[in-house]
Structures are given as structure tokens and as C-alpha cells.
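Scroll down for the structure; my scribbles are underneath it.
None of these values were measured; they are calculated from a predicted model.
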Amino acid sequence: MTTMFVLDIPENTSIVAVADSDPAVVLDRVGSYFRMVSDGIIVIDRRATGCRHAVWYSSVAGLMNSRITQWDKDAMKIEPA
């Protein structure tokens, strides 16, 4: 399972919303974090989030059994480790 954690702060809500729009991603909360889980790859388009670069590049709080294979100005791709 691909798992990513994002801190629940207003700046990250658009990232969570874009991930939640993917039917393959299951979203829930763990403490002060949103947890995004998928059987496959999680891909989030930066432009769809409307995030500025500073927020974008500081949004990932943690991963579990996963690795970041793309995290640039276009998209973030999280894959199973």
C-alpha cells in the first residue's frame, strides 16, 4: 500500500482535495495528519492544487512503505517502496 501523510493545516487543503478526487486514493485522518492510501501510485498535479512552490515542497509530512519518484513543479508521484 502506498501511504502518504500531510499535516492538516489550511495551506495543505488543496493538496488533500486533489488527492481525494482520485477514486483510487482513500483519505482519512490520523491525529493532526491526513493519511492518503492507495493500492497503486498516488499522483497529484501541482497546478490542480493551486499551491505555491514553498507550500508544495513542504507538504509531505511522512511516507509509509512508499517512496517519492517525482516531486517537481508539475506533479508529485508516490509509489510503493
Looking at Trp56, is its backbone amide N or carbonyl O close enough to the side chain of Ser59 to form a donor-acceptor pair, meaning the two atoms are under 3.5 Å apart? yes
Any idea which heavy atoms bring Val25 and Ile42 closest together, and the distance? CG2-CG1, 4.2 Å
For residues Ser58 and Ala54, report the shortest heavy-atom separation together with the two atoms involved. OG-O, 2.8 Å
Transitive ILVMFWY side-chain link Tyr33 to Val18, under 4.5 Å: no
Hydrophobic cluster membership, with links at side-chain heavy-atom distances under 4.5 Å among I/L/V/M/F/W/Y: are Ile44 and Leu27 in one? yes
Evaluate the criterion side chain to side chain contact (heavy atoms under 4.5 Å, CB included) for residue pair Asp20 and Asp22; output intermediate values, then yes/no. CA-CA 5 Å; Asp20 194 33; Asp22 182 345; over 6 Å; no
Hydrophobic clustering (ILVMFWY, side-chain heavy atoms < 4.5 Å, transitive) - are Ile41 and Phe34 grouped together? no
More than 12 non-hydrogen atoms from neighbouring residues, nucleotides or ligands closer than 6.0 Å to CG on Asp39, yes or no? no
I'd like to know if the side chain of Tyr57 and the backbone of Lys73 have a donor-acceptor N/O pair within less than 3.5 Å. yes
Would you say Thr2's side chain and Gly40's backbone share a donor-acceptor pair under 3.5 angstrom? yes
Test your reading of the model: is there a side-chain donor-acceptor pair from Ser66 to the backbone of Met64, 3.5 Å cut-off? yes
With clusters defined by side-chain heavy atoms of hydrophobic residues (ILVMFWY) lying less than 4.5 Å apart, directly or transitively, does Leu63 cluster with Val37? no
Validation row: Thr3, Arg35 side chains within 4.5 angstrom (heavy atoms): yes
Would Ile68 and Gln70 count as a side chain to side chain contact (heavy atoms under 4.5 Å, CB included) if you check the C-alpha gap in whole Å, the side-chain angles of each, and the deciding distance to 0.1 Å? CA-CA 6 Å; Ile68 297 172; Gln70 178 184 359; 5.8 Å; no
Exactly one of Ile78, Asp72, Asp74 clears side-chain contact (heavy atoms from CB on, under 4.5 Å) with Met76, and that residue is Ile78
Met36-Val43 co-clustered via ILVMFWY side chain contacts under 4.5 Å: no
Residues 4-15, side-chain donor-acceptor partners within the protein, below 3.5 Å, at least two apart:
from, atom 1, to, atom 2, distance (Å)
Asp8, OD2, Arg29, NH1, 2.2
Asp8, OD2, Arg29, NH2, 3.1
Asn12, ND2, Leu7, O, 3.0
Thr13, OG1, Pro10, O, 3.0
Ser14, OG, Thr49, O, 2.8

